[in-house]
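Read through the structure below, which is laid out as structure tokens, and then see the notes.
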Amino acid sequence: MSQEFFSGVSNRILFGGLESKDPLTYKVYNPDRIVLGKRMEDHLRVAVCMWHSFASGGSDVFGSGTFDRPWLASGLDPLAAARSKLDAAFEFFEKLGVPFWTFHDRDIAPEGRTFAESAANLDEMVDYAARHMDRTGVRLLWGTANLFGHPRYAAGAATNPDPEVFAYAAAQVKLALESTKKLDGANYVLWGGREGYDTLLNTDLAHEEKQLARFLTLVAEHKHRIGFKGLLLIEPKPHEPTKHQYDHDSAVVHGFLARHGLDGEYRLNIEANHATLAGHSFHHEIAYAVATGMFGSVDANRGDYQNGWDTDQFPNSVEEVALALFEILRGGGLSTGGFNFDAKLRRQSLDRNDLFHAHIGGIDTLAEALLVAAEMVERGAIDRLRDERYAGWTDELGKSILSGGATFVDLERRVALGNIDPRPVSGRQELLENMVNQEIWTAASRAKADATAAK
Ligand code: XLS
Ligand code: NI
Ligand code: NI
């Protein structure tokens, strides 16, 4: 056993219930609790991310890292440091009791002086991670490649004006995909990174679109060639790091994929904060993906409504997550996807235990939101009002329109005959909003009653 890093937490974090005075317990998350016939853990499929939680030091544009992450110190042997980072990470996953983790290739293995050296580093660290996974039972939700950190990708990876950069990125994704397969990953993620532009004055949009489509086609081809069974996921984001990112939001990505015949190969990995940045609600992005059959997985961080950048905070709004989960449950739930915490501590959160508090709060928020969403589904009142609103479409008129049977000529004739005279009806928005709040308050008081009964 390697050196213990999180020595302030000696045991696994357990369910303590609402009355628990111990901040290092789950207040709501109870992995074995059955919700709509399924274990809570299997509904949520929570994953911890290497990137923000272990690979970043807490630097921002005004200052260097603040976090106590000794494996990031300068002058260490890069592979020894990479091993300590994974040791600490797996100690954390195990103590937190989560079923999954996620990584970028460069999060777990240092970039070497040559491509061959980077490849060898990755190979070695993938084997090292595999041993930790076997030992702990923690599984891989997704792997991905970092195609944005190195200066060679300053003008993009797949959409770089230089085909040599395209080739380099392809080689890197090939290895990251193969590594994900080796670790039995449930999905592989592509976030655009620097696929976008800073100024149109130097950018050939049509050419870059062709390049990106080619790249995504090659990824899908290689997935099939190696027999990777997981889903390929694209993560939309409207801007940052580039002024405009091609994968702006769910609908834009869906349109792009459909335009290039790739919508059967990819699903969406939706990040709450990216929805905020796109001027959408998280609810909208999830609902769009579910409605179009494009839903895959969730990056569960939240943004800040005053800041225009990706603040990647841990989720803490039950309402926001409950609305998203309501759509996910109605769509049949998560299959290979999960909820990963692509979220980071604030720069002043310096204690080792802060990483626990952040994840415990985020996981409890998901758990409470799941209870609310499950109630909304079970009670069915919101669905009934929605169905009522569309009831006309099940009548003869609605059916003949949708089946293509009725032309404009037919419709004009019917209206002119005077037997069509629509009357506006209420959209009942306030009533529906009250019903959501009622579920939130009910779930809260039920949890309180559970806690009292347990005493
Ligand atoms: C950055 C993205 C990134 C992806 C994985 O904003 O959220 O973290 O999730 O590359
Ligand atoms: Ni993000
Ligand atoms: Ni993300």
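Whatever order the structure lists them in is the order used to number ligands and atoms, beginning at 1. FYI, the numbering just counts along the sequence from 1.
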Task: Evaluation steps, ring pair (Phe, Tyr, Trp, His ring centres under 6.0 Å), between Phe356 and Phe6 - done: CA-CA 9 Å; Phe356 279 96; Phe6 295 100; 5.4 Å; yes

Task: Stepwise side chain to side chain contact (heavy atoms under 4.5 Å, CB included) check, Val219 with Leu190 - done: CA-CA 10 Å; Val219 176; Leu190 292 115; 4.2 Å; yes

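By the neighbour-count criterion of 12 heavy atoms within 6.0 Å, atom NZ of Lys210 is sparsely surrounded, having that number or fewer from other residues, nucleotides or ligands.
Taking the six-membered ring for Trp, Phe341 and Trp101 have ring centres at least 6.0 Å apart.
Between His104 and Phe148, the angle of the ring planes goes over 60°, which puts this pair in the perpendicular group of the 30/60° scheme.
Under 4.0 Å from ligand 1, the heavy atoms of Asp299 that appear belong solely to its side chain. When non-hydrogen atoms are compared, ligand 1 lies under 4.0 Å from neither the backbone nor the side chain of Glu240. Only the side chain of His104 comes within contact range of ligand 1, with a heavy atom under 4.0 Å; no backbone atom does.
Judged by the shortest distance from any of its heavy atoms, Val189 lies outside the 4.0 Å radius around the atoms of ligand 1. Look at His274 and you'll find a heavy atom under 4.0 Å from some atom of ligand 1.
The pair Lys344-Asp312 meets the salt-bridge criterion, since a charged nitrogen lies less than 4.0 angstrom from a carboxylate oxygen. One finds a salt bridge joining Glu4 and Lys95 here, because a Lys/Arg side-chain nitrogen approaches an Asp/Glu carboxylate oxygen to under 4.0 Å. By the 4.0 Å N-to-carboxylate-O rule, Arg152 lies close enough to Glu111 to be salt-bridged with it. Comment: Arg139 does not engage Asp184 in a salt bridge, judged by the lack of any side-chain N to carboxylate O separation of less than 4.0 angstrom. Salt-bridge check for Glu327 with Arg330: passed, with a basic side-chain N closer than 4.0 Å to an acidic carboxylate O.
Atom 8 (O) of ligand 1 has as its closest protein heavy atom Asp342 OD2, 2.7 Å. The protein non-hydrogen atom at the shortest distance from atom 9 (O) of ligand 1 is Glu235 OE1, 2.7 Å.
Of all N/O/S atoms in Asp299, OD2 sits nearest the Ni ion (ligand 3). Checked against the Ni ion (ligand 3), the N, O or S atom of Glu235 at the shortest distance is OE2.
At least one N, O or S atom of Asp342, from either the backbone or the side chain, sits less than 2.8 Å from the Ni ion (ligand 3). For Glu271, the nearest N, O or S atom to the Ni ion (ligand 2) falls under 2.8 Å. In summary, Asp310 places an N/O/S atom under 2.8 Å from the Ni ion (ligand 2), meeting the contact criterion.
For ligand 1, none of its N or O atoms has an N or O atom of Trp51 under 3.5 Å away. For ligand 1, none of its N or O atoms has an N or O atom of Thr144 under 3.5 Å away. Residue contacts with ligand 1: His52 is placed with no nitrogen or oxygen under 3.5 Å of a nitrogen or oxygen of the ligand (distance criterion only).
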